[in-house]
Amino acid sequence: MNSLEKQMASLNSAQLQAVTLPPQSALILAGAGSGKTSVLTTRMAWLISTGQTRTQSILAVTFTNKAAKEMMTRLSALLPMNTRGMWVGTFHGLCNRFLRAHHREANLPATFQILDTQDQLSAIKRLLKSMQVDTEKFQPKQVQNFINGSKEDGLRPADVEANDYFYKKLVEIYTAYDAQCQREGVVDFPELLLRAYEVLKANEALRMHYQTRFTHVLVDEFQDTNTLQYAWLKLIASPQTVMMAVGDDDQSIYAFRGAKVENMRLFEREFAQHNVIKLEQNYRSYGHILNAANALISQNNNRLGKNLWTDRGEGEPIRIYEATSDYAEADFVIEEIKAQINEGAVRRDIAVLYRANAQSRVIEHALFNAGVPYRVYGGLRFFERAEIKHALAYLRLIDNPHDDTAFMRVVNFPTRGIGARTIEQLQDTAKSLNSSLWGAVQHASGSGAAKLLAFAQMIDGLRFDTQHLPLPELVDHVTAHSGLIAHYKADREGADRLENLSELINAAAAFVQVEGHKDSTTASETDEDDTMMTPLAGFLSHAALEAGDNQAQAGQDAVQLMTVHAAKGLEFNTVFILGLEEGLFPHENSLSDADGVQEERRLMYVAITRARVRLYMTLAQQRMLHGQTRYGIKSRFLDELSDDDVKWLTPRVRYDAWSNTAKATEDTPSFGTFKESKKDTLGYRVGQSVSHAKFGDGVIVKLEGSGEDTRAYINFGAGFGIKCLALNIAKLETH
DNA sequence: ATTCGTTTTTTTTTT
DNA sequence: AAAAACGAAT
């Protein structure tokens with residue numbers, strides 16, 4: 001029995017049905033832990049091994065690079081095959097590949113560069129300045145959201161409805177922004193998709209080519225597709241194409257990026273009429289964990305509906321711990337981790353999840369002090385570090401000197417006497433010539449002209465010197481001769497940055513290895529549309545698209561730290577979910593609308609379902625946030641779990657929203673955190689009715705601290721909920 | 001032009 | 001708390 005046969009024998013009937021589906025489009029509704037990735041990969045292996053299709057005819061789209069890699073690994077384990085010519089990747093990665101191959105049709109330079117979110121924002125700031133737009137009224141971030149949102153809906157400036165002055169102006173900015181990008185030969189994230197879509201739509205020959213080439217299109221995490229991505233999929237699919245969309249509406253957590261869960265219903269109607277398969281058996285988690293997840297998510301409405309079950313037994317209840325502060329929370333987590341490691345747990349099977357990246361610092365600190373190896377995913381990634389972005393900017397200028405964003409980043413870094421004044425003049429010149437900054441250098445006037453020319457010559461020199469160098473040496477040469485190395489050497493706090501720069505050379509070497517390997521296998525295949533990218537251009541788009549996911553201490557067995565978003569698709573034996581406080585999880589920015597809270601709930605659902613065996617949830621009464629101490633109250637999500645599935649490790653304080661008292665039920669031994677004693681609370685008492693200028697009438701449900709430091713939790717009813725106010729500051733009226 | 005110190009603003013999640 | 005923006009001094 002080969003490995004594919006073995007794999008197929010281990011599937012349950014629903015899974016097997018999905019894998020061996022006849023050539024018709026289908027929607028697979030796959031709950032968390034139901035073996036979704038297995039189904040997808042086994043399906044591909046089965047299609048190939050039964051001779052129903054060739055590797056080149058498969059298009060598989062995932063959402064993260066991690067998932068794409070995982071898919072390839074599993075696939076090659078199932079089936080000894082060459083993965084060349086197979087299109088597996090993220091939407092952005094595939095569209096990049098497509099645009100590189102057809103840059104002429106897309107009206108882009110062969111060396112077009114990709115703007116990441118930061119770059120895009122600075123490009124927008126630059127544009128707003130040159131258009132003399134009031135940035136108070138039109139905030140760069142807001143403009144960015146508008147542009148990206150429009151693109152994600154597939155709308156060009158001409159397609160956006162603008163009825164009032166504000167929107168008309170936004171559309172005007174959008175138009176100018178697109179023109180600026182086009183002139184500079186750069187492309188932002190949503191533009192990758194939109195451009196690819198438009199090329200495909202306008203060019204029938206090309207469309208026919210891809211439609212006949214791809215007989216099978218498989219999409220993972222379909223609930224996270226946005227309007228444009230769905231439209232792109234529809235364009236690449238002919239009526240004969242067999243589409244398989246796999247998704248879970250309960251795990252849709254990317255609405256902020258334009259994702260439309262509705263796409264699942266649309267897909268069902270437009271492709272998979274009655275061809276829907278539900279995968280409802282969960283192989284990952286024990287009963288209590290799954291019950292908790294089910295109970296939580298049942299609070300949402302408009303679900304497609306499914307019933308996830310397991311036959312693994314109850315397992316351990318979810319442990320909930322209320323710490324006095326974020327530091328105490330971290331200490332608790334570290335103690336538990338150490339205990340588990342002592343019991344023989346493997347570090348990489350333990351994950352610490354949090355809502356926002358900023359939360360990682362306290363935990364990192366504690367882990368570091370405890371000497372526990374850990375690895376942080378996300379946060380400030382390798383390719384997002386300032387020194388790396390500087391180095392990349394030099395590399396981008398070598399590839400395409402008209403890239404104004406890169407130009408601006410390094411024209412005066414390290415400082416070479418080109419100040420704000422000179423740049424302003426250069427920008428004016430560029431505007432009047434309708435050229436890039438680079439193009440305007442030749443015509444620069446004023447005192448800084450000579451310095452600008454010297455800078456341009458240096459870039460030209462770098463390009464000339466490195467034209468025949470292999471990529472790693474090229475990177476080495478550029479970091480050394482641009483003055484970056486010298487600059488950080490002179491800085492006594494630049495050691496880390498120097499290290500990162502040499503790490504960049506390693507990354508380039510690693511990139512060449514991987515890509516070079518691909519090239520040598522591709523050579524035999526006559527795949528006419530394979531990409532023609534210079535190694536440098538390839539490396540740069542790699543840097544923009546993958547943001548250095550696995551740069552850090554790879555390979556070492558370490559505790560895993562990441563946001564809940566980053567944890568999607570992963571699973572661990574032990575999971576800690578931190579910061580279960582109102583305002584943090586659910587996050588305050590999403591509390592204003594009901595959809596936002598539902599998305600937060602789905603996020604919590606994703607977090608819970610990551611755990612196989614043991615799950616902890618923690619909260620802190622007091623937390624440093626944005627530079628000041630905040631007093632949080634327990635997350636509503638904790639109330640949505642059944643008491644049968646949880647075990648409080650700390651005394652539990654119940655806030656009954658509509659009564660006047662907070663009841664402390666001591667069903668577990670006290671840890672001494674709730675020492676209640678008679679103390680001075682500025683004359684306030686629990687249960688007292690008060691009134692606040694902004695929040696209206698409320699009732700004190702809990703008092704903390706004493707004297708000047710007395711803080712009160714006050715329930716202001718449905719409108720504002722429970723707030724924590726410092727009584728010596730808050731202006732309250734008593735009645 | 002650059003540096004250094006002060007003030008203000010901004011804080012979610014990501015390809 | 002940290003970054004960015006601003007302003008004054010060098």
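Each chain gets a letter, A, B and so on, in the order its sequence line appears, and its residues count up from 1. Atoms considered below: every heavy atom in the structure, side chains included; atoms not considered: hydrogens, waters and symmetry mates.
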key: salt bridge (Lys or Arg N to Asp or Glu O under 4.0 Å) involving Arg497(A) - partner list, sequence neighbours excluded   = Glu387(A)
key: For Asp153(A), salt bridge (Lys or Arg N to Asp or Glu O under 4.0 Å) partners two or more places apart   = Lys260(A)
inquiry  = Heavy atoms within less than 4.0 Å of DNA chain B: which residues of residues 387-394 of chain A have one? Give them sorted by number.
reply    = none
note = Taken in chain and number order and not counting sequence neighbours, the residues that satisfy salt bridge (Lys or Arg N to Asp or Glu O under 4.0 Å) with Asp224(A) are Lys568(A)
query = Which residue pairs satisfy the salt bridge (charged side-chain N to carboxylate O under 4.0 Å, His left out) criterion with at least one member in residues 585-597 of chain A, sequence neighbours excluded?
reply = Glu588(A)-Arg630(A)
Tabulated below should be each protein N or O lying under 3.5 Å from an N or O of nucleotides 11-13 of chain B; please produce it.
residue	atom	partner	partner atom	Å
dT11(B)	OP2	Lys141(A)	NZ	2.7
dT11(B)	O2	His626(A)	ND1	3.3
dT12(B)	O4'	His587(A)	NE2	3.4
dT12(B)	O2	Arg355(A)	NH1	2.7
dT12(B)	O2	Arg355(A)	NH2	2.4
dT13(B)	OP1	Asn357(A)	N	2.6
dT13(B)	OP1	Asn357(A)	ND2	2.9
dT13(B)	O4'	Arg355(A)	NH2	3.2
dT13(B)	O2	Arg355(A)	NH2	2.8
dT13(B)	O2	His565(A)	NE2	3.4

inquiry  = Can you list everything that forms a ring-ring contact (aromatic ring centres under 6.0 Å, His included) with Phe63(A)? Sequence neighbours excluded, please.
reply    = Phe91(A)
For nucleotides 4-10 of chain C, print each protein N/O atom paired with a nucleotide N/O atom at under 3.5 Å, atom names and distance only.
residue	atom	partner	partner atom	Å
dA5(C)	OP1	Lys125(A)	NZ	3.3

note = Across all chains, not counting sequence neighbours, the side-chain contact (heavy atoms from CB on, under 4.5 Å) partners of Glu571(A) are Arg284(A), Arg612(A)
task = Not counting sequence neighbours, which residues clear ring-ring contact (aromatic ring centres under 6.0 Å, His included) with Tyr230(A)? List them please.
result = Phe222(A)
Distances for protein N or O near nucleotides 1-5 of chain B N or O, under 3.5 Å:
residue	atom	partner	partner atom	Å
dA1(B)	OP1	Thr422(A)	OG1	3.1
dT2(B)	OP1	Gly417(A)	N	2.4
dT2(B)	OP2	Asn412(A)	ND2	3.1

request  = Only stems of 3 or more consecutive Watson-Crick or G-U pairs count here, both distances under 3.5 Å; name the ones for DNA chain B, or none.
outcome  = B:1-10 with C:1-10
